[in-house]
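Starting from 1, each residue takes its place in the sequence as its number. One-based numbering, in listed order, for ligands and for the atoms of each. Quick caveat, the model's predicted, so the values are computed rather than measured.
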Amino acid sequence: MDRRKFLKSTALTAASVASLGITPANGKKRTVTEKVNTRLDVKGRIIEPSRSIPVVDGADVVVVGGGPARFAASIAAAREGCDVLLLERGYFIGGLFTGCDVTLLNNMYSPTPDGRVQAVFGLCDELCRRLDSHKMLAWAGTPPNVDTEATKYFMERMCVEAGVRILYGVQAAQVSMSGDRIDAVIMETKSGRVAVNAKFVIDCSGDGDILEWCAEDYYEYKYDISSMWRVGNVGNVRFGSATPNEGVRTGHLGDGVKDVDGLDIYVLTRAQIELREQMWQQVQELRQKPESGGAYLVSSPSVVGVRTTRVLNSVFNVTVGGAAEGVSYPDVIGFTGSDSTIEWKGEKIPGVKRKIWQVPYRSLVPRRVNNLLVAGRCFGFEQGLRYDAREVGTCIMTGEAAGAAAANALANRCSVRDVDVTVLQATLRSHGVKLDW
Ligand SMILES: Cc1cc2nc3c(=O)[nH]c(=O)nc-3n(C[C@H](O)[C@H](O)[C@H](O)COP(=O)(O)OP(=O)(O)OC[C@H]3O[C@@H](n4cnc5c(N)ncnc54)[C@H](O)[C@@H]3O)c2cc1C
């Protein structure tokens, strides 16, 4: 097929998608008319005086948020020749993956009756191979479990090697727009409130922060806030998952604080304090066991373990049915493993009986803004997929596709909705992404 306006040719406009009933009827849909801060108990208001904000930088592609999705989005766009600026409020790459010790790459592989089959390739595979070559990845009968610090190091190295310009310590706080285009991202920094110009923006903030500021449509999926952490000197006690480091194991607090609003600063603070207490108590219990070798807390999270908040109401949100039945999409951008149990047609289907499922390009594409893509745990999917769709492997896969798509749109001076999908798929294949099964 020659150059085509894929989304137009398939006529999947916002109106037709809605009329087909394929957008999720779950989660809380927040529209552009809702107030940003209704979640907090507002005691009063002050008027902020208008001020001029210095523009200090600019790039072809500005990627907001430095989790696994942004790592992949930045590298993919840079490898396609774009000038890429990566904005991260912390001082390391990896988001929850490295900052919350969420180091088990569950759905990079899918469980089968005979073992596991690899579903996610491309940059996820490349990162794992680098970690493995330094013995910083454990396979011990589980999905790959990586060492946190080595992963931070290699993710940062891979960004630097690809020519990505990293800016740490910057909290994106607003966007400046002309009509349906974002012109600049405004951020709070130690150097003051500054802005960077952007030709394309990729929202990898995990919480869809950019969606809020540019009034894109999204859903809110409340979920549990929890945590993982690493314990050393575990001795012979049965605890958590093996890491690549002798005597160090990864623990998991399970559901943690159940079904809360991960955008409420009071909830987040209470959750972090409560979860740290739980971790501490569990380590003290381990220390009492005679077979433990003097267990101690190696690390507790520097990023609060929020699972889902805002999720894009994209041109086409991936459905539970699509994942359960392994539907093929003409604009597939990657596969993902099926590690969890999902409910479909009144039945609970365990991971081992599920198919590997596809993610289409349309699920990264907003309905209105022309130069914005969304990747990671806030791309468009139904609430019933909130376990699988936000796993690290899927986040890296969606990030890689978003980066390559932004490069494609830049080269063709077109909207993200007019990206040539056949060219995008060819680019992804050339980066080692598997699109045929
Ligand atoms: C307790 C828990 C256990 C989990 N277990 C697993 C597991 O075993 N296996 C698995 O594969 N997945 C697991 N996950 C899911 C997985 O960790 C996340 O869904 C994944 O890391 C999301 O990646 P992301 O890039 O979308 O966002 P995040 O990892 O959330 O990264 C977002 C990044 O953006 C930055 N940021 C956010 N807002 C701004 C802003 N306004 N300006 C600048 N920077 C910003 C943040 O600092 C962060 O670095 C778990 C999650 C939790 C909470």
* Carboxylate-amine/guanidinium contact Arg129 Asp132, below 4.0 Å -> no
* Asked: Is Gly206 close to ligand 1, meaning an N/O of one under 3.5 Å from an N/O of the other?
  -> no
* Structure fact -> For Gln171, the atoms of ligand 1 under 4.0 Å from one of its heavy atoms are 40 (C), 41 (N), 42 (N)
* Would you say the side chains of Glu325 and Trp344 form a donor-acceptor pair under 3.5 Å? -> yes
* Ser292 backbone acceptor or donor facing Arg287 side chain under 3.5 Å -> no
* Salt bridge check: are Asp264 and Arg39 linked by an N-O gap of less than 4.0 Å? -> no
* To do: Look at ligand 1 and say whether Met108 reaches it with a heavy atom at a distance under 4.0 Å.
  => no
* Under a 4.0 Å heavy-atom limit, does His252 contact ligand 1 with its side chain, its backbone, both, or neither? -> side chain
* Nitrogen or oxygen atoms of Ser227 and ligand 1 under 3.5 Å apart -> no
* For Tyr221 and Glu382, does a side-chain donor sit closer than 3.5 Å to a side-chain acceptor? -> no
* Asked: Among protein heavy atoms, which sits nearest to atom 15 (C) of ligand 1, and what does the distance come to when rounded to 0.1 Å?
  -> Arg390 NH1, 3.3 Å
* Among all protein non-hydrogen atoms, which one is nearest to atom 49 (O) of ligand 1, and what is the separation to 0.1 Å? -> Glu88 OE1, 2.7 Å
* Could you see which bit of Cys395 sits under 4.0 Å from ligand 1, with heavy atoms only: side chain, backbone, both or neither? => side chain
* Short N or O distance, Ala172 and ligand 1, threshold 3.5 Å exclusive -> yes
* Would you find a donor on one side and an acceptor on the other, under 3.5 Å apart, between the side chain of Arg307 and the backbone of Tyr223? -> no
* Could a heavy atom of Val170 be found less than 4.0 Å from some atom of ligand 1? -> yes
* Asked: Quick check: does any side chain N or O of Thr394 sit under 3.5 Å from a backbone N or O of Arg390, one acting as donor and the other as acceptor?
  -> no
* Which bit of Val102 is near ligand 1, meaning a heavy atom under 4.0 Å away: side chain, backbone, both or neither? -> side chain
* Could you tell me which atoms of ligand 1, counted from 1 in the order shown, lie closer than 4.0 angstrom to a heavy atom of Gly305? => 53 (C)
* Under 3.5 Å, is there a donor-acceptor pair between the side chain of His134 and the main chain of Met136? -> no
* To do: Could you tell me whether some N/O pair between Asn107 and ligand 1 is separated by less than 3.5 angstrom?
  => no
* The one among Thr98, Asp203, Leu104, Leu86 that brings a heavy atom closest to atom 7 (C) of ligand 1 -> Leu104
* How does Cys378 reach ligand 1, if at all, at less than 4.0 Å between non-hydrogen atoms: by side chain, backbone, both, or neither? -> neither
* **ligand 1 contact by Asn106, heavy-atom criterion under 4.0 angstrom** => yes
* Is it true that the side chains of Thr336 and Asp388 contain a donor and an acceptor less than 3.5 Å apart? -> no
* Non-hydrogen atom of Cys100 closer than 4.0 Å to ligand 1 -> no
* Distance-only side-chain donor-acceptor flag, Asp147 / Thr103, under 3.5 Å -> no
* To do: Please state which part of Cys204 comes within less than 4.0 Å of ligand 1, counting heavy atoms only: side chain, backbone, both or neither.
  => backbone
* Structure fact -> What one should report as the nearest heavy-atom pair of Val201 and Ile182 is CG2-CG2, 3.9 Å
* Do Asp207 and Arg377 sit within salt-bridge range, that is, some charged N less than 4.0 Å from a carboxylate O? -> yes
* **Met228 neighbourhood, listing ligand 1 atoms whose heavy-atom distance to it stays under 4.0 Å** => 3 (C), 5 (N)
